[in-house]
Amino acid sequence: MSDIRVRFAPSPTGHIHVGNVRTALFNYLFARNKNGVFVLRIEDTDLERSTGESEKLIYDDLRWLGLNWDEGEGIGGGYGPYTQTARADTYRKAAEQLLANGDAYYCFCSEDELEAAREAALKSGNPPLYNGKCHNLPLSDALKRIENGEKPSLRFKALRQDVIVNDIIHGSITFPTDSFGDFIIVRPNGVPIYNFAVVVDDALMNITHVIRGDDHLSNTPKQALIFQALGYAPPVFAHIPMILGPDRSKLSKRHGNTSVEQFRSDGYLPEALVNYLALLSWSSPDEEEIFSVKELTERFSLDRVSKSAAVFDFDKLKWMNGLYIRKRDISEITALAVPYLAKAGYIDPDRADFDMARLTSIIASLRDSLNIISDITRAAEVYFNPPQTLDEESRDILTLPTTKVVLEGFQAELNNAASEYLTPDEYKAAMKSIQKSTGTKGKPLYMAVRVGVTRRTKGPELDQFIPLMPVGILKERLEKVLKEA
RNA sequence: GUCCCGUUCGUCUAGCUCGGCCUAGGACAUCGGCCUUUCACGCCGACAACAGGGGUUCAAAUCCCCUACGGGACGCCA
């Protein structure tokens, strides 16, 4: 292990979003590439929105994707606890230090008061910064008011100086003196604010590289100031571009399917999602794009991360998912397909006579046409739920004089079938024999049988399809079709 | 409003650090063809971009400046 330490720090407010997954992925790839440590920290200081269940969802999502972490809740490591609400003492100590050094002060302004000031500033065209009302309040006065039962927040004294942030991806960025005013670091109830808690945690957990979305870029000077005041050297920052929806705004639920859970239940494969996400704002030096996680970790580096935001392209993800479906074993795809087929009522895996071998061969004939596993329901319809009426083209073909002869020939062949299913060889032999006795061949023959049996439903190769159908059902369908014709 | 970041085909991107190899390469999507007794898969091909304007230079997608547009932040959210 090297000294490199990175972290992924989600707040537990639901399933992970693809934007966050990409951040987690880059952290993971960077850590693995550098032989470093990947820390998972839960940032649950927003008491209203954070839940314990969400925490579990995050663990599940990350594990499904294969983004395993080296340190975190339930795994351990020398820097715990890894959940912010369990670190109250740590933050309190850091806050006391800042207070003692004169880097922070108590602020008694009410939320309403601040909100009004903000609105007024915005209205008059000024930056909505804190007006510094409590900035010079003597500590002795403040303590007296606290004794009297007032609950102040703790505010950090933003220095009047340019703050320079060095970022691997963006280079050196200078924030002028007045980009922000004094800001709150601890709420009246003692719970720390994000900008304060991250700094304390990143410093104490020895995080060397902070890789996160560039929506945090403008928070960074504040954090840099806190690192300084606390006496820690800041980590290396890498602000990666955001992921946008097709309308170029920050990707969110209203763009549709964006939570990991959604992708999983729609039948996406984790390796496809990971591969696709890796290609958003990162590219491999060799310009290839299909990579396993192992290949990604070998190639990943932060200096090939681009600066501009990327639009999430569902079509390309689907294409890539199809690619990975075709790479997987039939047995695996079959297992993944079972829940969808069961839900559609096509199969019942709990029944004693459930024929897994037959299902596997059906899936084998269908796999190439799938982009996501849930496509299987529609693709397999022809086997389990054939349409009850003929379309126009089928009807036309059925009225051809040769068709009836061909179908009758095929039925005769079926009557000779020895077992429940035809073998592919038996099927071919049957076709040949019809060809011989009727003088039909090529397309008309094929079409006649196809119309008779599958009724023009999109489906797999006929010589795969027919043998998979029980002979009894084939006959039944043929009779019906002959009657209609 | 103020500050910060960004801008190459419809989309993801290569190229930009170290200007000429760029009549700008690849991928998805789209369209066309081949394969196939259907669909799909696969293969081949076509369409399609350096935001705009000024510089610097023999030469600029690449360096500098301005403008426009997009995004983010300015919260007792993270």
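Convention: sequence-line order gives letters A, B, ...; per-chain numbering from 1.
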Provide the Watson-Crick or G-U wobble partner of B/A51, both distances under 3.5 Å; none if there is no partner.
B/U67
When all nucleic acid strands are considered with a 4.0 Å heavy-atom cut-off, which category describes A/Ser281: base, sugar-phosphate, or nothing?
sugar-phosphate
B/G75 base / A/Glu115 side chain donor-acceptor hit below 3.5 Å:
no
Using a 3.5 Å distance criterion without hydrogens, assess whether the side chain of A/Asn321 forms a donor-acceptor pair with backbone atoms of A/Ala272.
no
Under 4.0 Å between a side-chain N or O of A/Ser218 and OP1 or OP2 of B/G72?
no
Check every strand shown and say whether A/Lys123 touches a base, only sugar-phosphate, or nothing at a heavy-atom separation below 4.0 Å.
nothing
Parallel, tilted or perpendicular, as decided by the 30° and 60° cut-offs, for the rings of A/Phe300 and A/Phe26
tilted
Across the strands shown, which category fits A/Lys222 at heavy-atom distances under 4.0 angstrom: base, sugar-phosphate, nothing?
sugar-phosphate
When all nucleic acid strands are considered with a 4.0 Å heavy-atom cut-off, which category describes A/Leu129: base, sugar-phosphate, or nothing?
sugar-phosphate
Assign A/Thr220 to base, sugar-phosphate, or nothing according to its heavy-atom contacts below 4.0 angstrom with the strands shown.
nothing
Check every atom of B/U11, B/U2, B/U8 against the side chain of A/Pro127 and return the nucleotide holding the closest atom.
B/U2
Over all strands shown, is A/Phe180 touching base, sugar-phosphate only, or nothing at heavy-atom distances under 4.0 angstrom?
nothing
Using the P atom as the point on both nucleotides, what is the distance between B/C63 and B/U2, in whole Å?
28 Å
Can a cation-pi geometry be assigned to A/Lys222 and A/Phe156, taking NZ or CZ under 6.0 Å from the six-membered ring centre and within 45° of the ring axis?
no
Over all strands shown, is A/Glu111 touching base, sugar-phosphate only, or nothing at heavy-atom distances under 4.0 angstrom?
base
Indicate, with a heavy-atom threshold strictly under 4.0 Å, whether A/Arg326 touches base, sugar-phosphate, or nothing.
sugar-phosphate
Could you tell me how the ring of A/Phe108 sits relative to the ring of A/Tyr106: parallel (under 30°), tilted (30 to 60°) or perpendicular (over 60°)?
tilted
With sugar-phosphate meaning primed atoms plus P, OP1 and OP2, does A/Ser110 contact a base, only sugar-phosphate, or nothing at under 4.0 Å between heavy atoms?
base
Give A/Ser153 one of three labels, base, sugar-phosphate or nothing, depending on what nucleic acid heavy atoms sit under 4.0 Å from its own.
nothing
To the side chain of A/Arg187, which of B/U11, B/G6, B/C76 is closest?
B/C76
Reckon A/Arg304 touches a base, only the sugar-phosphate, or nothing at all at heavy-atom distances under 4.0 Å?
sugar-phosphate
Could you tell me whether A/Thr13 contacts a base, only the sugar-phosphate backbone, or nothing, with contacts defined as non-hydrogen atoms closer than 4.0 Å?
nothing
Looking at every strand, decide which applies to A/Pro176 at a 4.0 Å heavy-atom threshold: base, sugar-phosphate, or nothing.
sugar-phosphate
What is the ring orientation for A/His209 with A/Phe30, classed by angle as parallel under 30°, tilted 30 to 60°, or perpendicular over 60°?
tilted
Pair of N/O donor and acceptor under 3.5 Å linking B/A78 base with A/Asn219 side chain
yes
Do A/Leu65 and A/Leu273 come within less than 4.5 Å of each other through their side chains, counting heavy atoms only?
yes
Rounded distance in Å between the P positions of B/A61 and B/G25:
14 Å
Starting at atom CG of A/Asp215, determine the distance to atom C1' of B/G70, rounded to an integer number of angstrom.
15 Å
Which part of the nucleic acid, if any, lies within contact of A/His216, taking any heavy atom under 4.0 Å across all strands shown: a base, the sugar-phosphate backbone alone, or nothing?
base
Suppose you measure atom P in B/U37 against the same atom in B/U30; what distance do you get, rounded to whole Å?
25 Å
